[in-house]
Each structure stands twice: as structure tokens, then as C-alpha cells.
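Right, one structure below, let's go through it.
When reading the values below, keep in mind they use all heavy atoms of this one structure, side chains included, and skip hydrogens, waters and symmetry mates.
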Amino acid sequence: MKIEIADAYLPYKAFIETIPQRMVRGEGDVLYQERNEVRRMVHDGQVFIVKRFKRVNIVQQVVYTFFRPTKAARAFRFAAEFRKRGIVTPHEMAYIEQKEHGLFTTGYFISEEVTGHESHLALREVKEYDPRLADAVAQQVVFMHSKGVLHGDLNLSNFLYEQQADGSFSFTMIDVNRSHFTDGWPTDEQCLRNMVRMTHRRDLYEDLVRRYAQKRGWDIDATAKDALRLLDQFENRKLKW
């Protein structure tokens, strides 16, 4: 078993080493349980948010053992890169990689707890959404792109927001392990393609794209047309990621 722990959390090393066994025993509160599993654990007054990634198949075992970093390792390293570039994301605490017969099988990413509301609940799941929140989401995407960050799953579920006393919004980005980074702005095409996963709700998607285009000084109608074409391709699984 491989474990890497952020310096600030080395005092919790003994507890972190037991997390896989604790997950097997079902300890902690379940926050999410589908393909991956997320649990909240508390030890010595410290909260640990543990994400256990789905066990990989035999081909992936070989790939992640010899050719590329695991999702857990990337989540740990990318969280630090997000913050380095000025983007808020839960602070990484540790990651764990389990192996069987010398091959990687299961990864765990442990982070601090954060608060916030999922943007998709306030935008996608309501009939009339708050245009101020939609505008703030578009601005957040512009900000990330300006920092050379292409979030790997730019789904509205991964934008946690808080509304401030003055009515403005702040965001914490989660689920960052599939992200990509560039020096300076990504290309215009990369930016537009990056947004295609935001939502399948057409009116909301087009509104977000139009707001983004306006903030970038792009042709709004042409950008919206291109974005809807990309969404059609993505939904038909013709767009490769």
C-alpha cells in the first residue's frame, strides 16, 4: 500500500493508514455512493472526507501501475495545483493506493471538508433559475481558463457556491482529478469544448455560453451556435474526450 500525506496532516498518519480498513467496515457517514464512494470520518476532532474510487479492471491495473498516475494521485496533486493558480478547492490531506500481486487496484483520496451548495440544484433543477448565479458561474469558468485550468468534469455539480452578504457568489471546485493545465489561456476551442459537460439543459447551457462569450469579448451568437453543435456531438457520443 502506498500512502502520501500532506505535511500539515502527518500527525494523523496512524489514522490515515487505517482508512481502507475503516471503509470496509462501513465507518463514517456516507455522502455519496454510486460508482465511487465518499464518506465523512472524524478522528481526534479532525474531519476527513474520503473518496474511494471504483476498483479498476485488469487493463487499468496495468496502466495505472506502470504508465500513468492513478486518479487518487492526480486528485492529490491537482488540488495543490488549483490552489497555486488561485482557484479554491478542498485542501488535499492524503492519498492511498492499494495493490494486489504488484498491481494497483483501488485508490483513496482524502481531503478537508468544505461547505457549499451544488450549483446544479439552484440552476438546472428549478424552472426559473437565478441569472446572477448563472453569471457568476460563467465568470468562474472565465477565471479558471484565465489561469490555464481546464477542469476535467465541468459539471455544475462540481461548483459548490456560497452567497455572500453583498449578494456576490464564491465557488469551491471539487472532483478535479481529470483536469488539464496550460501555460496561460487555453485555446478558444479548448475553452468551448471544456464547457460541454456543464449541463444538458439547453436553455441553461446556451445562457451560460452566451455569458461566457460576452465576458471574453467573443461573437456571442456564433459562440452559442458552435457550443450547441458541440453539445449535440457530445450527446450523440461522437465527441471524443
Side-chain angles (χ1 to χ4, degrees), residues 75 78-92 111-231 234 239 241:
F78 289 0
E81 186 65 25
F82 265 60
R83 289 198 320 280
K84 178 181 176 182
R85 296 180 183 228
I87 301 165
V88 179
T89 194
H91 199 294
E92 71 284 0
S111 68
E112 286 186 344
E113 183 178 42
V114 295
T115 59
H117 310 284
E118 293 183 11
S119 294
H120 80 99
L121 295 177
L123 292 173
R124 191 184 69 205
E125 305 301 332
V126 296
K127 183 177 180 180
E128 299 290 340
Y129 57 82
D130 186 343
R132 296 171 301 171
L133 178 57
D135 196 70
V137 167
Q139 183 59 53
Q140 175 72 1
V141 179
V142 171
F143 176 67
M144 288 193 291
H145 289 171
S146 76
K147 298 298 182 178
V149 174
L150 293 163
H151 190 293
D153 185 7
L154 205 65
N155 187 298
L156 291 175
S157 301
N158 293 327
F159 291 72
L160 301 184
Y161 75 90
E162 294 281 2
Q163 188 166 15
Q164 310 305 314
D166 63 0
S168 64
F169 297 90
S170 61
F171 293 93
T172 298
M173 305 305 299
I174 61 173
D175 200 10
V176 304
N177 66 279
R178 288 185 285 178
S179 299
H180 300 277
F181 305 96
T182 61
D183 294 326
W185 287 90
T187 66
D188 292 355
E189 181 179 0
Q190 285 176 315
C191 291
L192 199 55
R193 285 178 177 269
N194 186 225
M195 298 177 67
V196 78
R197 292 180 180 269
M198 294 191 75
T199 179
H200 293 283
R201 177 174 166 175
R202 293 287 173 130
D203 62 328
L204 175 58
Y205 175 70
E206 183 173 353
D207 186 25
L208 291 169
V209 168
R210 285 179 173 274
R211 292 175 185 276
Y212 178 93
Q214 187 273 328
K215 296 175 188 301
R216 293 291 305 272
W218 293 356
D219 183 307
I220 296 175
D221 289 337
T223 300
K225 182 179 179 180
D226 287 343
L228 289 169
R229 173 181 54 81
L230 289 174
L231 183 59
F234 178 64
L239 185 61
W241 288 87

field: Euclidean distance, Phe169 CZ relative to Asp130 CG, rounded to 0.5 Å
entry: 5.0 Å

message: Could you report the tightest heavy-atom contact between Ala224 and Val209, atom names first, then the distance?
response: CA-CG1, 4.1 Å

query: So how far is it from Glu81 CD to Lys147 NZ, rounded to the nearest 0.5 Å?
result: 12.0 Å

- line: Applying side chain to side chain donor-acceptor pair (under 3.5 Å) to Glu118 and not counting sequence neighbours gives His120

field: Side chain Thr89, main chain Met173, donor-acceptor under 3.5 Å
entry: yes

query: So, for Phe78 and Val176, which heavy atoms are closest and what is the spacing to 0.1 Å?
result: CD2-O, 3.3 Å

Closest contact, heavy atoms only, Ile174 versus Ser157: CD1-O, 4.0 Å

- prompt: Hey, mind stepping through Asp188 and Arg216 against side-chain contact (heavy atoms from CB on, under 4.5 Å) and telling me if it holds?
  reply: CA-CA 10 Å; Asp188 292 355; Arg216 293 291 305 272; 3.6 Å; yes

Least distance between heavy atoms, Ser168 atom then Asp166 atom: OG-OD1, 2.6 Å

- prompt: Who passes salt bridge (charged side-chain N to carboxylate O under 4.0 Å, His left out) against Glu112, sequence neighbours left out?
  reply: none

message: My understanding is that only residues two or more places apart in sequence, or in another chain, count here; which of them pass side chain to side chain donor-acceptor pair (under 3.5 Å) with Lys225?
response: none

- prompt: Any idea which heavy atoms bring Val126 and Leu121 closest together, and the distance?
  reply: CG1-O, 3.6 Å

field: Non-neighbouring partners of Gln164 that pass side chain to side chain donor-acceptor pair (under 3.5 Å), sequence neighbours left out
entry: Ser170

task: Return yes if a side-chain donor-acceptor contact under 3.5 Å exists between Arg197 and His151, otherwise no.
output: no

- prompt: Got a sec, which pairs hit side-chain hydrogen bond (donor to acceptor under 3.5 Å, both in side chains) with one end in residues 198-209, sequence neighbours left out?
  reply: Tyr129-Asp207, His200-Glu235, Arg201-Asp203, Arg202-Asp232, Arg202-Glu235, Glu206-Arg210, Asp207-Arg211

message: Going by side chain to side chain donor-acceptor pair (under 3.5 Å), name the residues that satisfy it together with Asp183, two or more places apart in sequence or in a different chain.
response: none

query: Yes or no on side-chain contact (heavy atoms from CB on, under 4.5 Å) for Val142 and Trp185, after CA distance, side-chain angles and deciding distance?
result: CA-CA 10 Å; Val142 171; Trp185 287 90; 3.9 Å; yes

Interatomic distance, Tyr161 atom OH to Gln140 atom CD [nearest 0.5 angstrom]: 14.0 Å

- prompt: Can you check whether Lys215 reaches Asp135 side chain to side chain, under 4.5 Å on heavy atoms?
  reply: yes

message: I need the Phe159 CZ to Met144 CE distance, nearest 0.5 Å.
response: 4.5 Å

Chi angles and distances behind the side-chain contact (heavy atoms from CB on, under 4.5 Å) call for Phe181, Val149: CA-CA 5 Å; Phe181 305 96; Val149 174; 3.9 Å; yes

field: Min side-chain heavy-atom separation Leu156-Leu204 under 4.5 Å
entry: yes

Heavy-atom closest pair, residues Cys191 and Tyr212: CB-OH, 3.3 Å

message: Could you go through His117 and Gln163, starting from their C-alpha distance and side-chain angles, then the distance that decides it, and tell me whether this counts as side-chain contact (heavy atoms from CB on, under 4.5 Å)?
response: CA-CA 9 Å; His117 310 284; Gln163 188 166 15; over 6 Å; no

field: From CG (Asn158) to OG1 (Thr172), nearest 0.5 Å
entry: 12.0 Å

task: Any chance you could measure Asn155, atom CG, to Asp175, atom CG, to the nearest 0.5 Å?
output: 9.0 Å

